[in-house]
Amino acid sequence: MSEEKSLNFIEEFIEADLKSGKHQQIHTRFPPEPNGYLHIGHASAIVLSFGLAEKYNGKCNLRFDDTNPVTEETEFVESIKNDVKWLGYTWDNELYTSDYFETLYGYAVKLIEKGLAYVDDSTAEEIAKQKGTPTTPGIANEYRERNIDDNLKLFQEMREGKYDDGEKVLRAKIDMAHTNMLMRDPLIYRIKHVAHHRTGDAWCIYPIYDFAHGQSDSIEKITHSLCTLEFLPHRELYDWFIEKLEIYPSRQIEFARRNMTYTVMSKRKLKQLVEEKHVNGWDDPRMPTISGLRRRGYTANSIKCFSERTGIAKRDNIVDIGLLDFFLRDDLNKIAQRRMAVLDPIKVVILNYEEGKTEKLIADNNPENEADGTRELNFSREIFIERADFMEEPPKKFFRLGPGLKTRLKHAYILECVDYKKDENGLVTEVHCNYFSDSKSGEDNSGIKVKGVIHWVNAADAVDAEIRLYDRLFKVENPMAEDGDFKDFINEDSLEIISNSKIEPALQSAADGQHFQFLRKGYFIKDKDSTNEKMVFNRAVGLRDSWAKKNK
RNA sequence: UGCCCCAUGGUGUAAUGGUAACACUACAGUUUUUGGUACUGUCAUUUCAAGUUCGAGUCUUGAUGGGGUAACCA
């Protein structure tokens, strides 16, 4: 079955826990905050948590970490669910941290009763100042010694809405001199008179991340709580709360977030790109969001393979975006049906082909998969080919058309170029050829050997289409590592729209989400902007092109 | 500056004390009616130093480098 593969450090922890009998079954969770769209980095986290649950026959929850009502919206909840589903995962439970608000409140009361939490009337500035710095210990203020009954009463009043935002907070009472700044009496509840996307006005106090996340894990009996490295310093607090609250001991394990070249991977930055209109929305095909990649024409499978192959570790990394493209091509080469589309058309007249005649040709839909069958193409005297497939003065080893050159039309005949026409600006407007009637694909008796094969569409029944080509969003590998604002490195030429392309008629029946390979041009998918009047196709990725590379 | 984490080819991961592996990229070539696909070959003495050991990428110590952390964000 599956070949022997070494375990990553998380799998080693899991197998040890399973072997020792600490757990009979593992339970993970994917806990996004619904304040934006998921990106490819999240995809790695999803593949990790859901994948581990699958591998070890465990469970995985989808939990929305919605403790900050000012940033969270239902729109994001829906998009996140949609993206996780699209990636091919089914969560065991759909949960919300906000479901636990009452329980969490109870936990806070318990902490107060144990003398481990207190209400602080200080301002944010005062609290920040009293925290000290990494090298100087913080100092306790008068509120730290408030008695339990007063704390209980005050916290109750906070909940009842007796105080304004910022007037009071609840803090855990730990150690103001701790070397870990997070342990210097961290805030655990703050007042926000803001409607929550799910609980509405039921609450005006909301728990802080540190007093919600670990507790939610514990409530759900999550065995292994996987998160990114920046939460590592939080683990001490995470464990402290579990211990003091005497609740189920979930275990937090941190891994390095996945970065990719030529893009940015933080929700805040992506949000900025959307809001400042550098892109057209969260699902702009240039965005590294899952919805953007989907619209661009990436497959869920390619994203999964990418995540699995890049693995998991604890060191900082930046993966070449080309690796994702490799997995996409690898996937699509097997499953995408082939079609012909001429992006930048130029007319070819076949002088010795009978005027008014149309013949049917047979084209295979995918040479990699015979089961995909064949389709018919019309062929006649006038066709379109790619402008780049004709050169007035072709260089050596140019296997396409040029004065006196021969090449084959895919699925059709060999052509020999005899002449061409130019307009007053020197632009070639028409190429004139003769064809060899005995060179038909599959029954070639001409004996002529040509090295090149080019794609084409029949002029009479070609369909007009708009084609959108994309390039990387940023001009530099790592915009975050450059001096200055990351937006200074945006690639202004990341979108190229070709509005006068000619595509073969079979493409008119393209289904939503159906992937195609346009022969010699790359992998494409119909965009949602398509109308009855005009079809629009996005190019997900080009084909490898050793000719273009050599001639750079 | 304090504390914490990390360090293996251009990139991402592997090697669990026994002589550096896999994938991508790049380059060269074979096949090909997609200049695609497929296939073959080439590209590292593991940041540095000292130590333990018959033997160290792996263990110890130190140095160097990179990152995180000091929000009423998550």
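Everything numeric in this text was worked out from a predicted model, so none of it was measured.
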With a 4.0 Å cut-off on heavy atoms, is [X] in touch with a base, just the backbone sugar-phosphate, or nothing at all?
X	result
A:Lys449	nothing
A:Val319	sugar-phosphate
A:Lys334	nothing
A:Thr123	base
A:Phe398	base
A:Gly522	nothing
A:Glu33	sugar-phosphate
A:Ile208	sugar-phosphate
A:Gln517	base
A:Pro32	nothing
A:Arg258	sugar-phosphate

Distance-only donor-acceptor test (3.5 Å): side chain [X], base [N]:
X	N	value
A:His234	B:A74	yes
A:Glu254	B:G68	no
A:Arg544	B:G35	no
A:Arg309	B:U13	no

When you measure from the side-chain N and O atoms of [X] to the phosphate of [N], is any distance below 4.0 Å, counting only OP1 and OP2?
X	N	answer
A:Lys131	B:U69	no
A:Ser546	B:G36	yes
A:Lys314	B:G67	no

* **Toward the 5' end of RNA chain B, by each residue's nearest nucleotide, A:Arg315 or A:Glu230** =>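 Result of the comparison: A:Arg315.
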* Report yes if some heavy atom in the side chain of A:Arg339 is under 4.5 Å from a heavy atom in the side chain of A:Phe524; otherwise report no. =>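 No, side chains not in contact.
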* Flag, side chain of A:Lys267 to backbone of A:Glu33, donor-acceptor distance under 3.5 Å ->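 Yes; at least one donor-acceptor contact below 3.5 Å.
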* **Ion pair check, A:Arg375 and A:Glu504, cut-off under 4.0 Å** => yes
* Does A:Asp121 pair with A:Arg146 as a salt bridge, N-O distance under 4.0 Å? ->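 Result for this pair is yes, salt bridge flagged.
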Which nucleotide sits closest to the side chain of [X]: [options]?
X	options	result
A:Leu187	B:U34, B:C72, B:G12	B:C72
A:Arg520	B:C73, B:G36, B:G35	B:G35
A:Asp65	B:G35, B:A74, B:G36	B:A74
A:Ala313	B:G36, B:C73, B:U13	B:U13
A:Thr133	B:U34, B:G36, B:A70	B:A70

* On the ring face of A:Phe327, is A:Arg309 found with NZ or CZ under 6.0 Å from the centre and within 45° of the axis? ->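 Negative - A:Arg309 is either too far from the ring of A:Phe327 or too far off its axis.
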* Ring-face cation contact, A:Tyr163 with A:Lys168, 6.0 Å cut, 45° max ->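 Geometry flag: set, cation within 6.0 Å and 45°.
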* Structure fact -> Applying the Watson-Crick and G-U criteria (both distances under 3.5 angstrom) with [ ] for crossing and | for other-strand pairs, one obtains for RNA chain B .((((((..((((....[..)))).(((((.......)))))....(((((..]....))))))))))).....
* **Set of side chain to side chain donor-acceptor pair (under 3.5 Å) partners for A:Lys162, sequence neighbours left out** =>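 Listed in chain order: A:Glu157.
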* To do: Please list, chain by chain and in numerical order, all residues satisfying side-chain contact (heavy atoms from CB on, under 4.5 Å) with A:His39, sequence neighbours excluded.
  =>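 side-chain contact (heavy atoms from CB on, under 4.5 Å) list for A:His39, sorted by chain: A:His42, A:Met265, A:Leu270.
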